[in-house]
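Each chain gets a letter, A, B and so on, in the order its sequence line appears, and its residues count up from 1.
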Number of protein chains: 2
Amino acid sequence: MADVKSQANPLFLREEELRQAIELLYYAYRDFTAEPDAMLARYNFGRAHHRVIYFVGRHPQMSVSDLLAILRITKQSLSRVLGQLVRQGFIRQSPGSRDRRRRLLELTEKGVELERQLSENQRQRIARAYRESGAQAVDGFRKVMFGIMSSEEDRKRVARRTEVPR
Amino acid sequence: MADVKSQANPLFLREEELRQAIELLYYAYRDFTAEPDAMLARYNFGRAHHRVIYFVGRHPQMSVSDLLAILRITKQSLSRVLGQLVRQGFIRQSPGSRDRRRRLLELTEKGVELERQLSENQRQRIARAYRESGAQAVDGFRKVMFGIMSSEEDRKRVARRTEVPR
DNA sequence: CATATAAGTCAACATGGCTGACGTAAAATC
DNA sequence: GATTTTACGTCAGCCATGTTGACTTATATG
């Protein structure tokens with residue numbers, strides 16, 4: 001039987017491999033977002049708020065259109081959550097100095113604190129998975145994840161931070 | 001500068017590493033689901049329909065409660081999409097023989113065809129990423145993804161298929 | 001027979017996507 | 001300097017998909 005699957009019909013294993021990956025993405029993402037979602041519910045916030053807080057924290061002074069490009073949602077959708085976060089004092093907007101049409105976004109202290117709480121869980125989850133898998137596996141994980149992504153621009157943005165400075 | 005980051009302050013790189021992983025999960029998942037979402041829209045279906053079709057295709061004759069356990073949503077939420085799929089002839093229900101309360105789910109031919117179309121895109125995306133990364137990277141990817149998941153039960157279900165039969 | 005389980009239904013609500021139309025201020029261009 | 005483009009925002013309405021809570025029906029099990 002082993003021969004039938006692994007030699008006589010290599011396509012079978014390949015199909016199983018690919019479906020396994022589909023499921024890994026589904027389950028990992030589901031579990032990865034479950035706990036922050038529960039925390040956010042206590043503020044009457046949702047996953048969309050988390051994404052905004054995360055990326056504004058990650059890229060301080062970014063403009064609204066930069067954020068739209070990362071999130072790939074409409075400005076109307078963003079506006080709803082961003083407006084709430086600004087009104088409730090998690091995010092501050094200030095006009096750009098070179099181009100005063102732009103409204104640059106940054107986390108307030110309150111925003112930084114919430115971001116920290118939300119991502120703490122996710123960082124620990126990743127840290128555990130990385131630790132248990134080893135450096136070589138982490139490298140493979142990164143390679144495959146970069147390969148799954150569509151946009152070269154996104155790849156560059158994500159890769160930049162961990163490059164060794166020359 | 002390289003020394004400052006990689007030796008004098010190893011925690012900095014570690015933090016960057018973890019945040020990179022958070023972003024990889026976000027971007028990879030976003031891009032992974034974008035194309036099936038667009039296809040589903042043509043049927044007036046959403047991502048929830050895809051998940052149901054996928055898992056019923058993957059586990060033929062599964063019961064509604066099995067599906068609920070995988071999806072981790074309420075039966076009311078499931079009922080809406082499952083009902084549509086059954087009424088529109090993508091999924092067939094039949095009473096279990098041992099326990100006639102259970103309604104066992106399977107794809108119809110039409111359902112199989114839709115499933116194939118939807119996952120084709122995802123399988124190709126994974127295949128490309130796997131091919132470009134190499135077998136060792138794939139192994140690492142799997143290790144880390146399993147580590148990110150919360151449930152041992154889910155891990156077992158996903159791992160089972162690619163085990164070498166003894 | 002009593003109780004538990006599997007599945008479904010109805011109602012109401014929230015979140016977060018979407019489209020379309022329109023407005024304002026600032027920058028860029030002709 | 002007038003016109004056009006860009007960045008951002010708003011209002012209105014729609015849809016998909018999650019939630020809670022209450023209740024029903026059929027079947028299995030103690």
Side-chain angles (χ1 to χ4, degrees), chain A residues 26 29-30 33-34 36-56 61-88 91-105, chain B residues 26 29-30 33-56 61-88 91-106:
Chain A
Y26 169 71
Y29 196 77
R30 184 199 64 185
T33 50
D37 282 357
M39 289 185 189
L40 288 154
R42 295 199 290 267
Y43 293 81
N44 287 317
F45 286 162
R47 201 175 288 183
H49 298 84
H50 188 187
R51 292 199 275 250
V52 170
I53 287 183
Y54 181 84
F55 285 109
V56 170
Q61 310 300 330
M62 81 191 306
S63 69
V64 171
S65 49
D66 290 345
L67 185 51
L68 282 173
I70 286 181
L71 297 177
R72 301 218 184 137
I73 58 176
T74 59
K75 65 176 175 174
Q76 294 92 327
S77 296
L78 173 57
S79 158
R80 212 163 21 204
V81 292
L82 182 56
Q84 287 173 39
L85 290 169
V86 169
R87 281 194 299 277
Q88 294 181 38
I91 288 182
R92 188 170 29 239
Q93 286 178 310
S94 52
S97 53
R98 216 191 59 237
D99 183 343
R100 297 203 328 271
R101 289 172 306 180
R102 296 170 91 95
R103 315 219 177 150
L104 306 186
L105 307 172
Chain B
Y26 168 72
Y29 196 78
R30 185 199 63 184
T33 50
E35 299 194 48
D37 282 357
M39 288 185 189
L40 288 154
R42 295 200 288 267
Y43 293 81
N44 288 317
F45 287 161
R47 201 176 288 183
H49 298 85
H50 189 187
R51 292 198 277 252
V52 169
I53 286 183
Y54 181 86
F55 285 111
V56 170
Q61 310 300 331
M62 81 191 305
S63 70
V64 172
S65 48
D66 290 344
L67 185 51
L68 283 173
I70 286 181
L71 297 177
R72 302 222 183 133
I73 58 176
T74 59
K75 64 175 174 177
Q76 294 91 326
S77 295
L78 173 57
S79 159
R80 208 160 25 201
V81 291
L82 182 54
Q84 288 172 38
L85 291 169
V86 168
R87 281 192 299 277
Q88 295 181 39
I91 288 182
R92 187 169 32 238
Q93 285 177 312
S94 52
S97 52
R98 215 190 62 238
D99 182 344
R100 297 204 327 273
R101 288 173 306 181
R102 297 170 90 95
R103 315 220 177 150
L104 306 187
L105 307 172
E106 60 184 340

>> On the nucleotide C:dT15, are OP1 or OP2 found under 4.0 Å from the side-chain N or O atoms that A:His49 carries?
In response: no
> For C:dC18, does OP1 or OP2 lie under 4.0 Å from any side-chain N or O of A:Ser77?
Replying inline: yes
> Taking atom P of C:dC18 as reference, at what distance in whole Å does atom CZ of A:Arg72 sit?
Replying inline: 12 Å
>> So for A:Arg80 and C:dG17, does any side-chain atom that can act as donor or acceptor lie under 3.5 Å from a complementary atom in the base?
In response: yes
> Roughly, in whole Å, what's the span from CZ in B:Arg102 to P in C:dT5?
Replying inline: 13 Å
> With respect to the phosphate group of D:dG18, does any side-chain polar atom (N or O) of B:Arg51 fall under 4.0 Å of OP1 or OP2?
Replying inline: yes
> Which nucleotide in the list C:dG16, D:dT5, D:dG9 gets nearest to the side chain of A:Arg101?
Replying inline: D:dT5
> Atom NE2 in A:His49, atom CG in A:Leu85: separation rounded to 0.5 Å?
Replying inline: 5.0 Å
> CG of B:Leu71 versus C1' of D:dT17: gap in Å, rounded?
Replying inline: 12 Å
>> Quick one, A:Ser63 with A:Arg103, criterion side-chain hydrogen bond (donor to acceptor under 3.5 Å, both in side chains). Give me CA distance, side-chain angles, the key distance, then yes/no.
In response: CA-CA 6 Å; A:Ser63 69; A:Arg103 315 219 177 150; over 6 Å; no
> Taking CG from B:Leu82 and P from C:dA7, how many angstroms apart are they, rounded to a whole number?
Replying inline: 10 Å
>> Both A:Ser97 and A:Lys75 contact DNA chain C. Taking the nearest nucleotide for each, which residue is further toward the 5' end?
In response: A:Lys75
>> Strictly below 4.0 Å: does B:Arg103 bring a side-chain N or O up to OP1 or OP2 of C:dG8?
In response: yes
> Looking for any heavy atom pair under 4.0 Å, which part of the strands does A:Gln84 touch: base, sugar-phosphate only, or nothing?
Replying inline: nothing
> Between the base of D:dG18 and the side chain of B:Arg47, is there a donor-acceptor distance below 3.5 Å?
Replying inline: no
> Which part of the nucleic acid, if any, lies within contact of A:Ser65, taking any heavy atom under 4.0 Å across all strands shown: a base, the sugar-phosphate backbone alone, or nothing?
Replying inline: sugar-phosphate
> Hey, is the main chain of A:Ile70 close enough, under 3.5 Å, to the side chain of B:Arg30 for a donor-acceptor pair?
Replying inline: yes
> Roughly how many Å is it from CD1 in A:Ile91 to P in D:dC8, rounded to a whole number?
Replying inline: 14 Å
> To the nearest 0.5 Å, what is the distance between CZ (B:Arg47) and OG1 (B:Thr33)?
Replying inline: 3.5 Å
> Starting at the 5' end of DNA chain D and moving along, which residue's nearest nucleotide shows up first, A:Ser63 or B:Asn44?
Replying inline: A:Ser63
> Taking only N and O in the side chain of B:Ser79, is any of them less than 4.0 Å away from OP1 or OP2 of C:dT9?
Replying inline: yes
> Which nucleotide sits closest to the side chain of B:Ile73: D:dT19, D:dG9, C:dA27?
Replying inline: D:dT19
> Whole Å only: how far is the CG atom of A:Asp37 from the P atom of C:dA14?
Replying inline: 18 Å
>> Once rounded to the nearest 0.5 Å, what's the spacing between atom OG of B:Ser94 and atom CG of B:Leu105?
In response: 8.0 Å
> Rounded to whole angstroms, how far apart are CZ on A:Arg100 and P on D:dG9?
Replying inline: 16 Å
> Taking CZ from A:Arg98 and C1' from D:dT6, how many angstroms apart are they, rounded to a whole number?
Replying inline: 13 Å
> Is the shortest side-chain N/O distance from B:Gln76 to OP1 or OP2 of C:dA12 below 4.0 Å?
Replying inline: no
> Any idea how B:Tyr54 and B:His50 line up, ring-wise: parallel (<30°), tilted (30 to 60°), or perpendicular (>60°)?
Replying inline: perpendicular
